[in-house]
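The structure under discussion appears below in the form of structure tokens.
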Amino acid sequence: MSLTASEVHKLKKAPPLEGVLPIFHQRWSARSFTEREVSPEALRKVFEAARWAASGGNGQPWRFVVGLKGSETHEKIAGTLAGFNKVWAPKAPVLILGTALAVNAKGAANPYALYDLGAASAYLTLQAAELGMTTHQMAGFDHDAARQVLGIPEDYALGTVIALGYQGEPEALGDATLIEREITARTRKPLDEIVYSEWDMAAEL
Ligand SMILES: Cc1cc2nc3c(=O)[nH]c(=O)nc-3n(C[C@H](O)[C@H](O)[C@H](O)COP(=O)(O)O)c2cc1C
């Protein structure tokens, strides 16, 4: 079965719920990107959203390395991608590597650095969706190679590579498995599986 990009977008969106910000249900992670560039203005907006995430002690440990298609940084990040990610993600117009300073001002380990980076990354993905773009976070990349080619210091932990751009046609992925994933509806655990009133007992919500 072949679907258009807009049919896929409809299928991926979760049902709305009154009082919940629509963007939470509308964001999803595409793998097919068009060649449309992301403007500097749009890029500033997604990082502006990330910047306002909460962080432990307001440490703001996140640092993002951003590569636009055609740049050396984009090529370097793309070169570290692993497995299937190598097939689809290099076509994204923007590749971002999220990192977080994992030591505090006193040199002690900050175990919440990646937590904070995750929050900032979530804001980034939601803001991108609000601007009509799509994002796809990936843990599947060679962390050592990324650290080396991008010169990331040892005290920064690596989060994900985030592909950013505009959603493309599923057929453009050119691979049956990837197309199948692209056109499959998203699923989530129900609330009673994830919210407890006591350990392992569903909270009544
Ligand atoms: C930490 C993290 C790592 C991920 N790694 C990959 C990856 O390496 N490759 C990939 O195709 N998707 C990856 N994903 C995307 C998830 O599979 C996707 O977010 C999940 O299936 C939920 O789909 P949705 O984002 O469309 O709601 C990753 C997502 C996160 C948050």
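Keep in mind that what you see is a predicted model, and the values were worked out from it rather than measured.
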Same cluster (ILVMFWY, side-chain, under 4.5 Å), [X] and [Y]:
| X | Y | value |
| --- | --- | --- |
| L164 | V87 | no |
| W28 | L3 | yes |
| V46 | V66 | yes |
| V65 | I96 | no |

With side chains defined as the heavy atoms from C-beta onward, is the minimum distance between [X] and [Y] less than 4.5 Å?
| X | Y | result |
| --- | --- | --- |
| V195 | L205 | yes |
| L117 | F64 | yes |
| R147 | E154 | yes |
| F84 | R31 | no |
| S2 | E171 | yes |
| V8 | K12 | yes |
| L43 | L68 | yes |
| T135 | L124 | yes |

Evaluate whether atom [atom1] of [X] has more than 12 neighbouring non-hydrogen atoms of other residues, nucleotides or ligands under 6.0 angstrom away.
| X | atom1 | answer |
| --- | --- | --- |
| E7 | CD | yes |
| Y112 | OH | no |
| E198 | CD | no |
| E75 | CD | no |

Candidate pair R51 and E48, rule salt bridge (Lys or Arg N to Asp or Glu O under 4.0 Å), full reasoning
CA-CA 5 Å; R51 192 163 84 88; E48 174 65 14; 2.9 Å; yes
Run the side chain to side chain contact (heavy atoms under 4.5 Å, CB included) test on W62 and S121 for me, step by step, so that the C-alpha distance in whole Å, both residues' side-chain angles and the decisive distance to 0.1 Å come before the verdict.
CA-CA 9 Å; W62 43 73; S121 302; over 6 Å; no
[X] side, atom [atom1]; [Y] side, atom [atom2] - distance, nearest 0.5 Å:
| X | Y | atom1 | atom2 | answer |
| --- | --- | --- | --- | --- |
| K45 | Q127 | NZ | CD | 8.0 Å |
| R186 | K13 | CZ | NZ | 11.0 Å |
| I162 | M138 | CD1 | CE | 8.5 Å |
| N104 | D155 | CG | CG | 11.0 Å |
| E35 | K91 | CD | NZ | 10.0 Å |
| Q167 | M133 | CD | CE | 13.5 Å |

Candidate pair V103 and N110, rule side chain to side chain contact (heavy atoms under 4.5 Å, CB included), full reasoning:
CA-CA 5 Å; V103 293; N110 172 11; 5.9 Å; no
Shortest non-hydrogen contact from [X] to [Y]?
| X | Y | value |
| --- | --- | --- |
| T4 | E169 | CA-OE1, 3.4 Å |
| A5 | P170 | N-CD, 3.8 Å |
| L150 | L97 | CD1-CD2, 3.6 Å |
| V161 | L81 | CG1-CD2, 4.2 Å |
| Y196 | D200 | CD1-N, 3.1 Å |
| A146 | L158 | CB-CD1, 4.3 Å |

Using ring centroids (six-membered ring only for Trp), state whether Y166 and F33 fall under 6.0 Å.
no
Kindly write out the residues that satisfy ring-ring contact (aromatic ring centres under 6.0 Å, His included) with F141, not counting sequence neighbours, or none if the list is empty.
H143
Step by step, work out the side chain to side chain contact (heavy atoms under 4.5 Å, CB included) result for L21 and L126.
CA-CA 10 Å; L21 288 178; L126 291 165; over 6 Å; no
Are the side chain of N85 and the backbone N or O of G140 linked by a donor-acceptor pair below 3.5 Å?
yes
Can you tell me if S32 uses its side chain to pair, donor with acceptor, with the backbone of A172 under 3.5 Å?
no
Apply side chain to side chain donor-acceptor pair (under 3.5 Å) to R27 and list each qualifying residue two or more places apart in sequence or on a separate chain.
S29
Could you please spell out the steps behind the side-chain hydrogen bond (donor to acceptor under 3.5 Å, both in side chains) verdict for H136 and W88?
CA-CA 11 Å; H136 203 122; W88 59 270; 6.0 Å; no
Could you please spell out the steps behind the side chain to side chain contact (heavy atoms under 4.5 Å, CB included) verdict for D116 and Q60?
CA-CA 7 Å; D116 295 343; Q60 305 163 61; over 6 Å; no
What I want to find out is whether R44 reaches E41 closely enough, with some N-O distance under 4.0 Å, to be called a salt bridge.
no
